[in-house]
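All values below come from the heavy atoms of this structure, side chains included, with hydrogens, waters and symmetry mates left out.
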Amino acid sequence: GVVLLTTFDATTRIIAHQEVHISEIAKQASALDVPLVGVPMHRGTSESYVDRIRRGINLITSTVAEGTDLALAFGDLHLGHIKKWRDAALGSDLKYELEYPCWKTPYED
């Protein structure tokens, strides 16, 4: 199955770089009939981004059968430095396969 995981600012409830309120993502997840795990990002905390993501992933893995293969898919289109960071920080640290199904897809598509 698919689970949508996204981060958002805990105070404003806005998803960074998308400038979309988390309630809009909840509507999308509902329309797609997929569960949503929202990971609030708290400013001024000592907890790292990767640690926050790990918490969300731990929540997901606690609900799936042991031995189930999991991958992390990202909606990135073209920001190479973001993809490179994700590959380095999340791929090696969290030990999941990273997938980019939209990578290099033209905006017109």
Side-chain angles (χ1 to χ4, degrees):
V2 173
V3 176
L4 178 60
L5 181 144
T6 191
T7 60
F8 62 95
D9 184 280
T11 302
T12 65
R13 305 191 60 79
I14 298 292
I15 296 170
H17 311 292
Q18 314 287 316
E19 302 308 318
V20 175
H21 196 273
I22 189 66
S23 64
E24 291 300 314
I25 303 305
K27 289 177 193 174
Q28 292 174 1
S30 178
L32 294 169
D33 197 28
V34 296
L36 170 64
V37 173
V39 179
M41 303 303 287
H42 300 275
R43 295 177 194 198
T45 182
S46 62
E47 189 173 32
S48 73
Y49 178 87
V50 173
D51 287 340
R52 294 296 297 171
I53 295 297
R54 183 181 289 113
R55 282 183 182 223
I57 291 170
N58 288 345
L59 176 66
I60 294 166
T61 57
S62 72
T63 65
V64 298
E66 190 172 327
T68 301
D69 289 331
L70 296 174
L72 302 177
F74 300 94
D76 298 301
L77 296 175
H78 65 277
L79 297 177
H81 67 287
I82 300 293
K83 182 180 182 297
K84 184 176 178 179
W85 179 86
R86 289 190 204 283
D87 290 342
L90 300 177
S92 62
D93 190 41
L94 298 178
K95 310 277 191 274
Y96 287 99
E97 181 180 341
L98 305 185
E99 297 181 8
Y100 299 88
C102 302
W103 187 247
K104 299 290 184 179
T105 300
Y107 286 112
E108 302 81 43
D109 293 352

Q.
Within the 4.5 Å heavy-atom criterion, are R55 and E47 side-chain neighbours or not?
A.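 SC-SC contact between R55 and E47 confirmed.
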
Q: Side-chain contact test, heavy atoms from C-beta onward, threshold under 4.5 Å: evaluate it for R13 versus P40 and give yes or no.
A: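 No, too far: nothing below the 4.5 Å cut-off.
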
(Q) Suppose the criterion is ring-ring contact (aromatic ring centres under 6.0 Å, His included): which pairs have a residue in residues 48-74, not counting sequence neighbours? (A)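 As it turns out, the ring-ring contact (aromatic ring centres under 6.0 Å, His included) pairs with a partner in residues 48-74, which skip direct neighbours, are Y49-W85, F74-Y100.
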
Transitive ILVMFWY side-chain link [X] to [Y], under 4.5 Å:
X: I82; Y: I14; result: no
X: I25; Y: L5; result: no
X: I53; Y: L36; result: no
X: L59; Y: V50; result: yes
X: V20; Y: I22; result: yes

Closest heavy-atom contact between [X] and [Y]?
X: T63; Y: I60; value: OG1-O, 2.7 Å
X: I15; Y: F8; value: CG1-CB, 3.9 Å
X: V39; Y: G56; value: CG2-CA, 4.1 Å
X: R43; Y: T12; value: NH2-CG2, 4.5 Å
X: C102; Y: T105; value: O-OG1, 2.8 Å

Q) To the nearest 0.5 Å, how far apart are CG in L72 and CZ in R86? A)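 It comes to 10.0 Å.
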
Q: Quick one: pull up CG in L90 and CD1 in I57 and give me the separation to the nearest 0.5 Å.
A: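 It comes to 7.0 Å.
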
Q: Walk me through it: do M41 and D9 pass the test side chain to side chain contact (heavy atoms under 4.5 Å, CB included)?
A: CA-CA 5 Å; M41 303 303 287; D9 184 280; 5.8 Å; no

(Q) Looking at N58, I want to see if its CG is surrounded by more than 12 non-hydrogen atoms of other residues, nucleotides or ligands under 6.0 Å. (A)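 Yes - once you tally the heavy atoms of other residues, nucleotides and ligands closer than 6.0 Å, there are more than 12.
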
**Q.** salt bridge (Lys or Arg N to Asp or Glu O under 4.0 Å) between D87 and K84, worked out
**A.** CA-CA 5 Å; D87 290 342; K84 184 176 178 179; over 6 Å; no

